[in-house]
Amino acid sequence: MRELADWLLGRDNFLLFCHVAPDGDTIGSSLAIALALREKGKRCCVKVPGGVPQYLRFLPGMELVAEGEVPFAVQCGLAVDVSAPGMLGENREVFESLAENAVLDHHDSNAGYGQVFVIAPRRAATGEIALELIEALGVPVNRDMANCLYTAISSDTGNFNFSNVTPETFVSAAKLVTAGADVDGITRRLYRTRTFARTKLLGLALSDARLVMDGRVACARVTRDMFRQAGAVRSDTEQIVNYLGEIQGVEIAILGIEVEDGTVKFSLRSSEGYDVAKLAQSLGGGGHERAAGVSLSLPLDQAMKTVLEAVGGIL
Ligand code: 5GP
Ligand code: MN
């Protein structure tokens with residue numbers, strides 16, 4: 001962490017990179033680091049593949065998100081919460097073309113890339129280590145950074161509910177609340193409010209749910225047609241897979257999202273004892289032991305069959 005902090009302090013003109021299908025952890029952590037770098041007099045922008053989902057647009061520092069041209073000559077890249085170069089999506093080439101780049105992440109499956117990387121697989125969210133990085137930069141955490149980081153940690157822990165939560169998670173959260181994080185406002189936006197479109201999509205996806213393998217596996221599809229019917233977008237699929245995992249008796253939950261015709265993104269969740277990161281990796285994806293994903297270039301039903309076969313192999 002010291003090495004990464006010194007690497008950042010010795011440079012300028014940064015571009016921060018979020019992962020595809022961006023969530024609260026990748027965006028919140030990136031914005032907090034960008035705000036801290038700005039406090040140090042550095043120029044920086046954040047690249048978010050596909051743009052910031054509507055429900056996260058309340059985050060402070062949104063003005064640092066570069067939608068088009070970056071208003072300075074970028075010298076260094078920092079990938080935040082991005083488990084592999086492929087997860088940079090449309091920005092992969094830009095990242096790889098930079099002379100100097102670094103990585104801050106917490107995914108077990110991250111093999112390490114970039115010139116400097118900090119990967120902390122036991123930490124629940126990149127937000128936790130982004131807080132440590134900001135401390136190592138010598139920047140006091142202000143209310144804006146605290147709101148970004150609290151959002152990051154809450155997002156990846158299901159609001160401090162999942163098995164990835166450790167004492168450090170609560171220590172980080174306590175620091176952020178002390179620094180002014182708005183717990184009620186953030187949890188309301190993340191967990192107690194959803195658009196009508198998201199609500200409809202949830203209903204359509206759950207209507208599609210099936211139990212297989214003696215009820216130990218639940219799977220559901222989100223088709224292009226469901227997106228159209230609900231008026232929903234890709235980010236509206238977040239958390240749907242959790243409902244499948246909550247079905248009594250289910251040990252592995254699979255959501256297949258038809259991102260476009262012939263491309264299916266899978267979200268995988270498991271209960272204790274089943275490593276879906278390994279399973280996802282065997283198909284070309286990755287993630288965490290209990291929450292992982294993979295994209296397959298196959299028609300939806302064929303893709304689902306492929307994943308179910310792989311799941312059958314580990315049950
Ligand atoms: P989600 O299902 O919420 O999209 O992703 C769960 C976890 O798996 C996240 O940590 C995410 O970064 C990771 N993940 C999802 N899809 C992929 C993928 O295609 N490749 C890799 N390496 N990781 C993925
Ligand atoms: Mn994360």
Side-chain angles (χ1 to χ4, degrees), residues 1 3-5 7-9 11 13-40 42-53 56 59-66 70 74-92 94-96 98 100-121 123-137 139 141 144-157 164 172 176 286-288:
M1 193 57 87
E3 190 186 339
L4 178 59
W7 186 88
L8 291 166
L9 289 170
R11 287 164 177 75
N13 301 322
F14 297 98
L15 199 51
L16 275 59
F17 294 81
C18 294
H19 64 68
V20 286
D23 58 14
D25 192 26
T26 191
I27 296 174
S29 300
S30 297
L31 290 177
I33 296 168
L35 289 168
L37 287 172
R38 205 173 57 172
E39 290 292 307
K40 280 282 167 189
K42 311 282 185 190
R43 283 191 290 195
C44 56
C45 275
V46 179
K47 277 281 181 195
V48 185
V52 179
L56 289 171
L59 286 173
M62 274 293 295
E63 69 279 3
L64 293 168
V65 174
V70 178
V74 178
Q75 284 163 351
C76 317
L78 175 66
V80 182
D81 195 43
V82 183
S83 59
M87 294 292 286
L88 291 160
E90 68 207 34
N91 299 314
R92 178 175 184 169
V94 181
F95 180 85
E96 290 180 338
L98 294 171
E100 301 190 285
N101 47 40
V103 174
L104 181 72
D105 188 30
H106 72 128
H107 290 90
D108 236 338
S109 61
N110 194 330
Y113 59 99
Q115 281 133 24
V116 184
F117 50 82
V118 173
I119 298 158
R123 306 307 291 268
T126 295
E128 288 186 27
I129 43 180
L131 172 60
E132 280 185 19
L133 176 62
I134 292 168
E135 289 170 345
L137 290 171
V139 177
V141 177
D144 284 348
M145 296 173 210
N147 279 323
C148 290
L149 293 176
Y150 193 91
T151 298
I153 297 173
S154 171
S155 295
D156 263 26
T157 58
N164 56 2
S172 309
L176 297 172
H288 309 284

Test item: [X] and [Y] side chains (from C-beta on) under 4.5 Å apart, heavy atoms:
X	Y	value
Thr126	Leu104	yes
Met87	His107	no
Pro49	Leu88	no
Phe14	Leu8	yes

Applying side chain to side chain contact (heavy atoms under 4.5 Å, CB included) between Glu135 and each of Leu137, Leu131, Leu133, report the one that passes.
Leu131

Working to the nearest 0.5 Å, report the span between [atom1] of [X] and [atom2] of [Y].
X	Y	atom1	atom2	value
His19	Asn91	NE2	CG	13.0 Å
Cys148	Asp25	SG	CG	11.5 Å
Leu31	Leu59	CG	CG	6.0 Å
Ile119	Tyr113	CD1	OH	8.0 Å
Ser155	Ile27	OG	CD1	9.0 Å

Taking all atoms of both residues into account, what is the closest heavy-atom pair of [X] and [Y], and its distance?
X	Y	answer
Leu4	Ala102	CD1-CB, 3.7 Å
Val48	Cys18	CG2-SG, 4.0 Å
Val46	Ala34	CG2-CB, 3.8 Å
Val80	Ser30	CB-OG, 3.4 Å
Val82	Asn110	O-ND2, 3.4 Å
Asp108	Pro121	OD1-CB, 3.4 Å

Any donor and acceptor pair, going by atom type alone, linking the side chain of [X] with main-chain N or O of [Y] inside 3.5 Å?
X	Y	answer
Lys42	Leu9	yes
Thr157	Ile153	yes
Asp81	Ser29	no
Ser172	Glu128	no
Asp144	Asn147	no

Sequence-distant partners of [X], side-chain contact (heavy atoms from CB on, under 4.5 Å), two or more places apart:
X	answer
Arg38	Leu35, Glu63, Leu64
Met62	Val52, Arg57, Val65
Val70	Leu15, Cys45, Lys47, Ala66, Phe72, Val74

Keeping to residues at least two apart or across chains, list the salt bridge (Lys or Arg N to Asp or Glu O under 4.0 Å) pairs with something in residues 83-92.
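Pairs touching residues 83-92 that pass the test: Arg92-Glu96.
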
Identify, with sequence neighbours excluded, every residue that meets ring pair (Phe, Tyr, Trp, His ring centres under 6.0 Å) alongside Phe17.
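Applying ring pair (Phe, Tyr, Trp, His ring centres under 6.0 Å) to Phe17 gives Phe95.
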
Ring pair (Phe, Tyr, Trp, His ring centres under 6.0 Å) against His106, all qualifying residues, sequence neighbours excluded:
His288

Candidate pair Leu37 and Leu16, rule side chain to side chain contact (heavy atoms under 4.5 Å, CB included), full reasoning
CA-CA 11 Å; Leu37 287 172; Leu16 275 59; 4.2 Å; yes

Would Val141 and Leu176 count as a side chain to side chain contact (heavy atoms under 4.5 Å, CB included) here? Give the steps.
CA-CA 8 Å; Val141 177; Leu176 297 172; 4.2 Å; yes

Heavy-atom count around Gln115 CD within 6.0 Å, excluding the residue itself: above 12?
yes

